[in-house]
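The next block holds one structure in the form of structure tokens; read it before the comments.
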Amino acid sequence: MATYQAPQREIAFVLHDVLGAGRLSELPGFDEATPETFDSLIGQAAKLIEEKIAPLNASADAQGCRWQDGEVRVPDGMAQAYELYWRSGWVGLAADPDYGGQGLPYTLSKVVEEMLCSANCAFALYPGLTSSCYEAILACGSREQKKLYLPKLATGQWTGTMCMTEPQAGTDLAAVKTKAIPQADGSYRIDGGKIFITSGEHTMAENIVHFVLARLPDSPPSIKGLSTFIVPKFLPGAGGAPGQRNAAHCVSIEHKMGMHGSCTCTMRFDGARGFLVGAPNTGIQNMFVMMNLARIMVGFQGLGLCELATQNALRYALERRQGKAFDDAQTIIHHPDVRRMILTMKAVTEGARVMAYETALHVDLAHHHPDAEVREQAQDWVDLCTPLVKAYCTDMAFELGSLAVQVYGGHGYIRDHGIEQIVRDAKILALYEGTNGVQAMDLVRRKLMLHNGRLPQRFFAAVRAEGCAETPLGFIARPLRQAVDELERATHWLQESYKARPEDAGFAAADYLRAFALTYLGYNWLRMAKAAAASDNVTLRDTKLATAQFFAGRMLPLVPALCAILQQPAAEPMRLEDAALASAA
Ligand SMILES: Cc1cc2nc3c(=O)[nH]c(=O)nc-3n(C[C@H](O)[C@H](O)[C@H](O)COP(=O)(O)OP(=O)(O)OC[C@H]3O[C@@H](n4cnc5c(N)ncnc54)[C@H](O)[C@@H]3O)c2cc1C
């Protein structure tokens with residue numbers, strides 16, 4: 001069975017020695033968020049997660065959710081674990097104290113999210129979607145809606161959903177058909193069906209708040225004609241307690257590749273009572289307000305699974321005896337190919353952790369820093385890096401899950417070890433909350449173009465400012481400088497080609513996102529090497545420097561190669577007729 005131990009020392013190293021997260025305590029309202037508070041709360045969360053939530057990961061996967069007598073039954077132990085989790089205050093860690101949250105930094109809540117996702121990613125979706133629903137109502141709801149719903153969502157006492165997808169409307173939400181008809185009392189009658197709704201029905205919480213995308217009569221048929229509605233499972237009565245059952249029902253659940261502990265529901269709204277959130281026809285803007293945070297959250301799910309894959313593969317490689325290795329030791333970690341896999345996993349997981357935490361830190365700075373210029377810079381970082389965190393961490397979760405199976409050999413393919421579950425659980429992360437193809441397009445089409453290209457320029461300047469080419473860290477600083485130069489050239493090419501030849505940019509987007517993420521990881525490994533070189537912890541210093549060396553020599557050189565590949569014209573492959581592609585099959 002896969003086991004999980006929270007990497008607290010590594011988390012502290014990244015937060016304090018690499019990113020200086022202690023500066024968060026200087027922001028207004030965060031004076032309690034000192035490094036000591038961070039470490040103490042991370043320690044408490046780690047204990048609960050390791051002891052109460054991780055042990056349910058394999059059993060929930062085996063048992064799955066069941067659809068019985070018109071109700072969704074979650075796997076055994078899940079409801080008790082959820083109750084313990086929300087009652088201990090972990091759901092509302094970063095929520096607004098005015099609504100029952102604890103008002104701590106977003107960064108801290110994401111560290112807890114990483115640990116939760118390593119331990120039991122399916123479980124993490126229940127509080128995760130609740131936070132998305134909370135964010136959407138916080139950003140766009142009326143004062144009355146906030147007062148009524150946020151205190152229950154902030155704490156996790158009620159759970160939330162995001163109801164967007166319909167059979168004909170996946171990536172293309174312009175095709176949403178669910179209708180909202182105004183009623184005399186100011187509410188709306190919601191009619192339609194949604195598919196693939198995470199946590200759409202269960203009895204773990206006393207109420208479920210659905211955040212639904214629907215179309216008003218006479219609204220434009222395009223994406224500009226969508227509006228958002230709160231549709232509670234139980235309509236709150238006087239005093240806010242759950243009252244009459246609303247006509248929002250789950251009619252079946254999906255049987256899926258992974259995430260078996262999370263219910264994925266087909267929902268019917270048959271004359272359900274809904275309440276408009278924000279102005280009519282602003283649904284897409286409302287969704288986008290919380291979309292950045294939801295995408296970062298999915299990136300953290302990916303990071304959590306990267307960590308789970310890496311620590312289990314490493315543990316196994318240190319124990320498994322097989323073959324006569326080159327230095328006569330018998331454990332498989334001594335085989336160069338196994339060591340290559342383990343170092344790849346460490347280089348990616350630890351490098352991606354810095355990327356994800358730094359992006360979260362910028363969310364805090366963008367929301368709380370007193371200086372408008374700093375807030376603007378931080379928001380630029382968040383906007384640029386959100387698709388990187390979402391797509392890179394989740395693609396890597398799948399790839400590292402696969403590498404972990406490889407390290408385990410045939411035993412990894414057998415269910416008992418719980419390693420194949422990582423691969424199955426990880427795949428969905430690249431698909432929901434905007435597929436990773438959509439993330440790459442967001443990076444190329446929007447983020448590179450905003451403010452005349454200011455976002456990537458700020459990133460390149462930050463990387464170049466790190467210097468170090470002529471120091472003992474030149475082994476990574478020099479290839480990093482080359483990588484950033486090539487990436488900048490590719491960026492200019494994309495900014496130009498996007499206007500003249502959008503197909504070229506569309507073809508190039510996924511490779512560009514990968515090249516960008518690897519450059520970011522190079523920047524992270526340079527900073528980790530610098531921090532480790534100054535440390536008196538000899539093991540930490542040696543391991544970090546060796547992993548930085550591995551990354552510099554074997555992964556960073558992929559950036560110039562990817563930049564060359566992505567600048568190939570797309571005309572030829574795009575010219576091929578559909579029929580020709582089909583006949584070749
Ligand atoms: C387990 C699970 C949980 C989910 N949870 C939720 C939820 O809670 N709420 C919710 O509303 N939805 C949820 N979804 C739905 C999920 O967000 C969609 O599946 C996703 O948005 C993709 O839509 P689609 O499946 O229709 O694929 P499609 O949109 O048909 O995409 C198919 C392929 O075409 C590509 N593609 C499509 N359009 C473009 C484009 N314009 N440019 C480039 N490439 C493109 C995609 O990248 C993809 O590779 C969930 C899905 C699953 C499986």
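Atoms within each ligand, like the ligands themselves, are counted from 1 in listed order.
R445 places no side-chain N or O within donor-acceptor distance of the main-chain N or O of L448, the cut-off being under 3.5 Å. With hydrogens and angles ignored, the 3.5 Å screen pairs a side-chain donor or acceptor of S219 with a backbone N or O of G225. No side-chain donor-acceptor contact under 3.5 Å links N246 to the backbone of A272.
The pair E166-R215 does not meet the salt-bridge criterion, since no charged nitrogen lies less than 4.0 angstrom from a carboxylate oxygen. The pair D442-K390 fails the salt-bridge criterion, with no side-chain N (NZ, NE, NH1 or NH2) lying under 4.0 Å from an Asp/Glu carboxylate O.
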Give every pair made of an N or O atom of ligand 1 and a protein N or O atom lying under 3.5 Å apart, one pair per line with both atom names and the distance to 0.1 Å, or write 'none'.
{"residue": "ligand 1", "atom": "5 (N)", "partner": "F196", "partner atom": "O", "Å": "2.8"}
{"residue": "ligand 1", "atom": "5 (N)", "partner": "T198", "partner atom": "OG1", "Å": "2.8"}
{"residue": "ligand 1", "atom": "8 (O)", "partner": "T198", "partner atom": "N", "Å": "3.0"}
{"residue": "ligand 1", "atom": "8 (O)", "partner": "T198", "partner atom": "OG1", "Å": "3.2"}
{"residue": "ligand 1", "atom": "9 (N)", "partner": "M162", "partner atom": "O", "Å": "2.7"}
{"residue": "ligand 1", "atom": "11 (O)", "partner": "M162", "partner atom": "O", "Å": "3.4"}
{"residue": "ligand 1", "atom": "11 (O)", "partner": "M164", "partner atom": "N", "Å": "2.9"}
{"residue": "ligand 1", "atom": "11 (O)", "partner": "T165", "partner atom": "N", "Å": "2.9"}
{"residue": "ligand 1", "atom": "11 (O)", "partner": "T165", "partner atom": "OG1", "Å": "3.1"}
{"residue": "ligand 1", "atom": "12 (N)", "partner": "T165", "partner atom": "OG1", "Å": "2.7"}
{"residue": "ligand 1", "atom": "14 (N)", "partner": "F196", "partner atom": "O", "Å": "3.4"}
{"residue": "ligand 1", "atom": "29 (O)", "partner": "T171", "partner atom": "N", "Å": "2.9"}
{"residue": "ligand 1", "atom": "29 (O)", "partner": "T171", "partner atom": "OG1", "Å": "2.6"}
{"residue": "ligand 1", "atom": "47 (O)", "partner": "T435", "partner atom": "OG1", "Å": "2.6"}

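Every residue two or more places apart in sequence or in another chain that forms a ring pair (Phe, Tyr, Trp, His ring centres under 6.0 Å) with W381 is listed here: H362, F459, Y520.
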